[in-house]
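Taking it in order: structure first as structure tokens, then the write-up.
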Amino acid sequence: GFGGVFASKAAVALLAATAVRFAAGFTIGVWAIPCLRANFAGNDVGSGYALVVGVFGFVSALLGGAAADGLAVRAPPERRDAARAL
């Protein structure tokens, strides 16, 4: 069953991070265009959306990479090479 998956703290953290990322992406997808339409007129909506997705996607990639690098240092010696390869 799924009991073995939830026994691992790493698996639970991965599932929680996936759920948060999904919720954040869904929130941006649902609310970005209506908010931009309310604040910008005409063609600025597409530019604003591109700016939001580009800037926050870039920041997300940098923070995720920094977090992964930080966690890789804490990996057990037998798993360090595998953690760095990712």
Side-chain angles (χ1 to χ4, degrees):
F2 290 105
V5 172
F6 294 112
S8 167
K9 288 182 182 179
V12 171
L14 181 63
L15 290 171
T18 301
V20 169
R21 174 61 184 98
F22 174 78
F26 187 73
T27 301
I28 290 170
V30 168
W31 290 104
I33 296 296
C35 288
L36 289 169
R37 279 189 186 155
N39 292 312
F40 300 103
N43 294 333
D44 289 342
V45 173
S47 299
Y49 184 71
L51 182 66
V52 167
V53 171
V55 169
F56 287 105
F58 179 74
V59 170
S60 172
L62 288 179
L63 293 177
D69 290 344
L71 291 172
V73 171
R74 296 175 36 196
E78 65 273 5
R79 296 184 57 202
R80 243 178 231 145
D81 290 336
R84 286 190 186 123
L86 297 176

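The basis for the numbers below is simple: all heavy atoms, side chains too, and nothing from hydrogens, waters or symmetry mates.
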Only pairs under 3.5 Å count here: list side-chain donor-acceptor contacts from residues 9-21, not counting sequence neighbours, and write none if there are none.
unit_1 : atom_1 : unit_2 : atom_2 : d
Thr18  : OG1    : Leu14  : O      : 2.8

_Show the nearest heavy-atom pair for residues Ala23 and Thr27, with the distance to one decimal._
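Minimum heavy-atom separation between Ala23 and Thr27: O-OG1, 2.7 Å.
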*Tell me who clusters with Leu62, hydrophobic residues only, linked when side chains sit under 4.5 Å apart either directly or through other members.*
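Listed partners: Phe58.
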*Which ILVMFWY residues are connected to Phe56, directly or by a chain of links, through side-chain heavy atoms under 4.5 Å apart?*
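Cluster partners of Phe56: Val52.
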